Each structure stands twice: as structure tokens, then as C-alpha cells.
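Only one structure is covered here, and it is reproduced in the block below.
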Amino acid sequence: GIHRKAPRAMAAGPRGTRGGGRGYALALAILALCALAGSAVAMEAGDGLEDASVSDGDFPSFASPIVADTDGDDDDLPPTSEDVPVWNFEQVVVTIGKASGKERRVETPAFFLRGDDPAAAATRFVYVNSLPISQVSQYAATFSHEWQTNVPDDLKPRGKTRPKRSKPLGPKQYLSRAKEHTSEARDDEAHFDLVRALTNSLEDPGSADAADRLDASELAEANTLLEQHHRKHSRALNAADKHRELKEKAHEREVNVFHARKATRANLALDESDFKALWDERYAGPNAEGETQSESAAAHELALHAAVEAKDWDRVIEVAASADRAGVSVPEQDVPLRKLAVARAHWHRNEWRLAERAANAAVASGARNGDWRRGQVRAVAVATGADASVKRGDAEGALKFFAAAKRADPDTPLFSEPYKAIKASEKLLKDADLKLDRGESRQAMESADEAVAKLRGLGGFDLPQSGVGSVTTNHGMFSGADARRCRAHAQARSFEHALEACDRSLKMLGCLDEKSLSSDNKLLTDLEKKVWEKACAAADPKHRARALLARSEVHSRDLHYDGALSDLRAAQELIEPSAQRGSSEAQRMLDEIRQKAVEAERERKSFDNNRDHGKMLDLPENLGELPKDRRCDFIKKAYKKAALKWHPDKAIEAGKTRAARKMNEMTEARDSVNLKFGCVEKKIDPNDPHQGHQGFGQQHQYQQYYQQHQQRQQHRNPGGGSRGGGQFRHSWEF
């Protein structure tokens, strides 16, 4: 792997003239830096030094890439959460079969959350496992035994400091406080206090008082209140505990991400030290005898070495570009290390695309066969390029770097962990697609979250940054996960969150409207537009088509077929060139898009021809049987309720356009049913020759049309109005 040479002294002239020592070499390096600095400024003023290293597919020099992941002091500690148990144990649950009558004993996981006492933990255990509420006292006793014997004292909540005259709470005080919680609708606290009262719990065990215990009537009252509370709120409390379990899983993922990112940072630090050792070994010692080098080559070498030693990465790139333009000859064995220096410079400047290219050039210019181990130029180059690919959001690019090492040395332990993580994330995204096809939206969401967590552990950015400084050329690995999240939210009929996920998926690629891409809801400048347009044009068409396909599914489920067809047409235009070039994946996606477009067109025609305005306003089917005043008042109240629900100001940012569209539909439905049931008279324009003298006849003809149409739809909706839509089109815009 490493080309080693005898140490040599640096010289400004031919190799026959040896330097006098390190001090002389350092002075000469400073002179070379000054000379090259002036020439670099002149060249930059003439033809642009920075543009020489940027091709047409890259961003211009004014577009800074995304900010690297900076590690603060808080990164040394793992994240914490109140939803994670502080103590876990097994609790035996005894059930009796209804048919067989046999007893079955099952060990069920139980836990204490931070701040729990035995009564609260036992109550949560009963609710989570859907056990009879009458058994809560029994489980409270077993939880109390676990609390007293096994739970460490440092995990138990600290005793509250109270005034001297304040008395610790006992069963009667707990019952009184439970009633107060119930009256004020604090249901999550009421059932805990009721169980504490029933189990004779004491806030301070050392202050037991027989007068504080409940008598028979109070025990009966507490049991009655607990049963009523259980019947009324058990479903909501059980759902809250299920939500806590989801938050616990999310916290576990964050902890795994924390440890993975910590390991990634350690590996990056090793790569930096390996590069420094390789550079010092090659250039920091005295020169070998008998080697000759031109004056220009020696000057560039000294300037490059000084820039690397000073960690002046801008200068490293300038010197390397100047040497390339000047045609300076470099020994063949030194080419990989010099290209690696350029790759490290771009990496430190967060220029991920350029770092990838320089790292790829470093790997290609050296030998690939043999054992791959840490400390080699090619190993550092692969690690640098793969990390730049991950930062840029290109998992496939990182796999290509790893494949260069795996093909040459399949048994190398290098890069095994990140390679497995990327492969696992790809498998999780495929599993998410299968689960979405089966309608398992929650499981698909978990698979997408797991995939994102694995990629974040490698140092990737899963949240789109704002502004020009955040643009990347391709953030496809997180865009694909957000597209799956979009579909999962749509299947769960959470359309606003679905649109938010779709917008985030497209924003990852730089493909959204100006207002969505800007950081403060202002229009983009010409500079920002140019950068975002380059980002969107450089994105993989498959990623863009997948995001548009997911958003079309959201629109179809939300009965917005025009939006669905628009997204499908855009996706088809994007994916057709790839399919024509022979990509099997693109062809499958194109077939799916065409099939969904046919279905959306058919559903749109059916929806327009059978639009039920009464159902849109949630009007009763027998509204026509009511007196005119009552049905008109009913319509007015229904529209007011719909207007409060769909007002754009109440929607999240991603759902404001949807809310405005829904508001237009509600207004159209109101005008339609008002005219149908005679609540308003049809407005006649006296300047319109087709309306001027028809008056009551046209109104009668209009209502007759509705009666005939209602008779045709009687078998489907006997009482509601239905109309093709289009006459009462309003323009509620946001």
C-alpha cells in the first residue's frame, strides 16, 4: 500500500544542491508561499482560480454547502426521556380460559417510570395490559414489594420538602385530591390517586395514622369512582400509554443514533490522524540524496506542505489547482497522497461533492490489490469519500466507495459497520414499501424511522436546512424515507402531516416552490433561485418521482384528483427518460404511475358527477323534511362549523393550501344546498340577455333539475343533494 522513500531534505533548486537543515527549508517554504500567493491572486483575478476546480454540474463558489455536524458539549451525554422506564422486571399475570377453565400464568414485562410510586406503576400496568380494574390492589401490593426490595434508592423519587405544618398525604387526602382532579378533568392523575386511596398508600410511611385510613363507606365510594373512571377514560388512557411506548421506542432510536454518531466521530478523528501521519512520513523529513526536482515543482511542494501543516485548506486547494494548471510533474507514488490532501481540504470545507471526486481520484491513482488496513492512503481516501457521500445524502455513492475495498479484500474489517448500516437501511425501506402495500401504515412508519436512524448514525442530515447555505446536490436517502412517511400518514388519513412529509421529501432535493424553500417565507433572491434550481436539476429523477408519487396518493385519498393527476404527470415526465435508457426500476415506476393516472382520472370523473354537497357539509339525510326556516338555519350552522374547521389560519404550513381548497369546496356546497332548498334566490344579472326576463321560471327550472337528479341518486343518498360541481366556484386563495 504505502510507497515509502528514504528521507530527503527540501531544496529550491536541482536535487544536487542539498538544503542545510529544517530551518533553511522552513524559510524557503515561507518565501515560496509569498511568491505563490501573489501569482494565485493574479490568476484568480484573470480566470478565476476557484472556478477551475468546479465543473458545470457543481454549485458555483458563492453557494456554500450545508453546515457540518458540529458537536457541542451536550453531545458527550446521551439523550434522556421521561418516557423511558428506570426499572424493569417481570410480573406474573394469571388468566383463566373461558372455555377450558384452565389457569394460565404468563410473565409480562412491568416497569417503573421516573417519578412513579408502586400505585402509579401498578395502575399503568393494569391499563396497558387491559386487565380487570378490580385486580389493581393485588398488583399494587406486588409492585410495592418490588419497590421496597429491588429498586435502588437512587432511582426512587426524592422526598418533597414541605413546610413544617404541612401534613403528608394519606388515603383520605388522596381520595379528596382524586375528586378534585376528576372535577377539573385531570383524568391522568385522578386514577392514580384513587388507587393510592384504595391501597392505603402513604406519602410518608413513617407518619402512619389510623385516622387517615378509609372507612367502609369511603372504600365503597373510591371503588365506585375508580370503576366509573375506568369505564369512561380507559380507552383514552390506554391510548396515551401506547403513545408513551412509541415515544420510548423513538428515544431508544435516538440513543442508538447518539452512540453510532459518537463512533463515527471517533473514526473520523482516526482518519485525520492517519492522514497527518502519512503526510509527515512522506514530506516532513530531510530529502534523499540523488533525487532531482524542478524549481517550480519544489516550490509547489513546499507551499502545499506548509498549507497542510497550517491546516489552511483554502490554500491547499489553491496550490493544488495552480500545480495542475502549471503542469508540474509529480512522482507517480506521490499522486494518491496529494489527491487525498485535496479531498481532505474539500471535506474540511464541507464541499462534499468535490471531496468525493478528489477521494475517488486518490483511490483510482493508486494500487487497489492486497490487504486493506488502517493507515493506508487508499483507506483514508475511501473513508473520506464515503463520509462525504453520506453527508451529501447519497447512500449509493458511499456503497461504491466501500465496494472498492471489499472487492480487493473481502475479509478486511474496514468499513464493515457503515456498510452494514447502509444495507440495513435499504432493506428497511423496502420492508416499508411492502407494509404500505398491505396497509400496515404504523409498521411502515417504524421501518422508515429505523432506516433514518441508521443513516443518521453515520453522520447524515435528515432535516432539510434553510437558506442557500444548506443546499446539497442530492439528499435522496432521506428523501425516500420521507416519501414512505408521507404514504403512511395518508393511509392513516392524517393528510396535513402527510403533505408535510412530502414537502420535506421534495425539499431535501431542492424541488419545491419559492415560499416553501425560503427560510422566512420571503421570496428567494436570484442567487438563491439559481442554487435551488441546480440542486433540483442534479437530484436523481427516481427520488423526485417517488416523492411526487407519494403526494399523488395523498391527494387521491383526500379526493383532490386534480392535484393527484398533476403530480402523476410530473412524475411521468421525470421518469420516462430513465425508463427509455433501459432502467428496470424506472420502468416499473413508470408502469405504476400510468396505472395510478388511469385510476385517478376515472375516480375524478366519478367524483365530479356524483358530488354530494349535503354530505360535504355533514347535513342530515332528512333535511328536506324540515320546515324552511329550520333547514336554512341548519345549513347556516353547518357551514359555520365547516368554516371554523377548514380556515387556512388554523392549518399547519404544509396544509394551508389544502385548507384553502377545502374552504372553497365548503362555500360551493353551501351555495348549492341553499339554492336547492330555497334558502336563497338565484341571482339574475339584468345585463345578461339569457337571464334578464326568465325570473321565477329559471329558478323553477333549476330546482326541477335538482329534483330529477335527486331521484336518480335516491338509491344511493335519499336525502342529500348531489351535483357535478363547477357552477359555484369560489377563489379562496391563501
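All figures in this text were calculated on a predicted structure; none of them were measured in a lab. All values below come from the heavy atoms of this structure, side chains included, with hydrogens, waters and symmetry mates left out.
Between K391 and E351 no salt bridge is recorded (no basic side-chain N to carboxylate O distance below 4.0 Å). For K435 and D431, the salt-bridge test fails: no basic side-chain N is under 4.0 Å from an acidic carboxylate O. R487 and D437 are joined by a salt bridge, as a carboxylate oxygen and a charged side-chain nitrogen come within less than 4.0 angstrom of each other. Salt-bridge formation is detected for the pair R374/D271: a Lys NZ or Arg NE/NH1/NH2 atom is positioned less than 4.0 Å from an Asp or Glu carboxylate oxygen. Using a 4.0 Å cut-off between charged nitrogen and carboxylate oxygen, E585 and R546 count as a salt-bridge pair. A salt bridge is defined here as a Lys NZ or Arg NE, NH1 or NH2 lying under 4.0 Å from an Asp or Glu carboxylate O, and K430 with D433 fails to meet this definition. Using a cut-off of 4.0 Å between Lys/Arg side-chain N and Asp/Glu carboxylate O, E318 and R315 are scored as salt-bridged. Salt bridge absent: R373 and D371 never bring a charged side-chain N and a carboxylate O closer than 4.0 Å.
The local environment of CD in E245 is crowded, with over 12 non-hydrogen atoms from other residues, nucleotides or ligands closer than 6.0 Å. Within 6.0 Å of NE2 in H348 there are more than 12 heavy atoms belonging to other residues, nucleotides or ligands. When the shell of 6.0 Å around OH of Y419 is examined, it contains 12 or fewer heavy atoms from other residues, nucleotides or ligands. Within a 6.0 Å sphere centred on NZ of K406, heavy atoms belonging to other residues, nucleotides or ligands number more than 12.
Residue R485 holds its CZ atom at 7.5 Å from CE of M445, rounded to the nearest 0.5 Å. To the nearest 0.5 Å, atom CG of residue D482 and atom CG of residue D503 are 10.5 Å apart. With values rounded to the nearest 0.5 angstrom, L548 atom CG is found 8.5 Å from L568 atom CG. Between the CZ atom in F111 and the CH2 atom in W87 there is a gap of 15.0 Å [rounded to 0.5 Å]. Rounding to the nearest 0.5 angstrom, the gap separating the CG atom in L354 from the CZ atom in R349 is 8.5 Å. Note: L246 CG to R244 CZ = 9.5 Å, rounded to the nearest 0.5 Å.
A side chain to side chain contact (heavy atoms under 4.5 Å, CB included) with V380 is found for one member of D274, V363, L270 and no other, namely D274.
Annotation: side chain of F275 is in contact with side chain of V308 (closest heavy-atom distance under 4.5 Å). Put simply, the side chain of R253 does not reach to within 4.5 Å of the side chain of V452, judged on heavy atoms. By the 4.5 Å heavy-atom criterion applied to side chains, H543 and S505 are not counted as neighbours.
The two residues P109 and E90 come nearest to each other via the heavy atoms N-OE1, 3.6 Å. Nearest heavy atoms, R484 versus L429: NE-O, 3.7 Å. Annotation for S447 and A432: closest pair CB-CB, 4.0 Å, computed over non-hydrogen atoms. The shortest heavy-atom contact between A359 and A381 is CB-O, 3.4 Å. A pairwise comparison of heavy atoms in C502 and A550 identifies SG-C, 4.0 Å as the closest pair. G397 approaches S389 most closely through the heavy-atom pair C-OG, 3.7 Å.
In this model, no donor atom of one side chain and acceptor atom of the other lie less than 3.5 Å apart for H243 and E248. For the residue pair H346 and W352, no side-chain donor N or O sits within less than 3.5 Å of a side-chain acceptor on the partner. Between K596 and S552, the side chains place no donor N or O within less than 3.5 Å of an acceptor N or O (distance only, hydrogens not considered). A donor-acceptor contact closer than 3.5 angstrom links the side chains of Q587 and D591. Under the 3.5 Å distance criterion, with hydrogens and angles disregarded, a donor-acceptor pair is assigned to the side chains of E576 and Q572. In this model, no donor atom of one side chain and acceptor atom of the other lie less than 3.5 Å apart for S583 and S578.
The backbone N or O of A547 lies less than 3.5 Å from no partner atom in the side chain of R551, so there is not a single donor-acceptor pair. A donor-acceptor pair is defined here as one N or O able to donate and one able to accept, closer than 3.5 Å; no such pair exists between the side chain of S425 and the backbone of A451. Between the side chain of R261 and the main chain of R456, a donor-acceptor pair closer than 3.5 Å is present. A donor-acceptor contact shorter than 3.5 Å links the side chain of T264 to the backbone of A260. R378 contributes a side-chain N or O that, together with a main-chain N or O of A367, makes up a donor-acceptor pair within less than 3.5 Å.
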With salt bridge (charged side-chain N to carboxylate O under 4.0 Å, His left out) as the criterion, how do R338 and E301 come out once you've worked through the C-alpha distance, each side chain's angles and the decisive distance to 0.1 Å?
CA-CA 10 Å; R338 289 202 177 196; E301 180 180 303; 3.5 Å; yes
Hey, mind stepping through M589 and I593 against side-chain contact (heavy atoms from CB on, under 4.5 Å) and telling me if it holds?
CA-CA 6 Å; M589 190 176 294; I593 291 172; 4.1 Å; yes
Start with the C-alpha distance between L506 and S479, add both sets of side-chain angles, then the distance that settles side-chain contact (heavy atoms from CB on, under 4.5 Å), and finish with yes or no.
CA-CA 7 Å; L506 289 169; S479 175; over 6 Å; no
Worked verdict on N256 versus K454 for side-chain contact (heavy atoms from CB on, under 4.5 Å):
CA-CA 8 Å; N256 293 335; K454 290 187 177 296; over 6 Å; no
Should S365 and K339 be marked as a side-chain contact (heavy atoms from CB on, under 4.5 Å) after you check the CA-CA gap, both sets of side-chain angles, and the distance that decides it?
CA-CA 9 Å; S365 60; K339 292 187 178 297; 4.1 Å; yes
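Aromatic ring pairs are classed by plane angle as parallel below 30°, tilted from 30° to 60° and perpendicular above 60°; the pair Y283 and H305 is tilted. Using cut-offs of 30° and 60° on the angle between ring planes, the pair F415 and W372 is perpendicular.
Judged by the 6.0 Å distance and 45° axis criteria, R344 is not positioned over the aromatic ring of W313.
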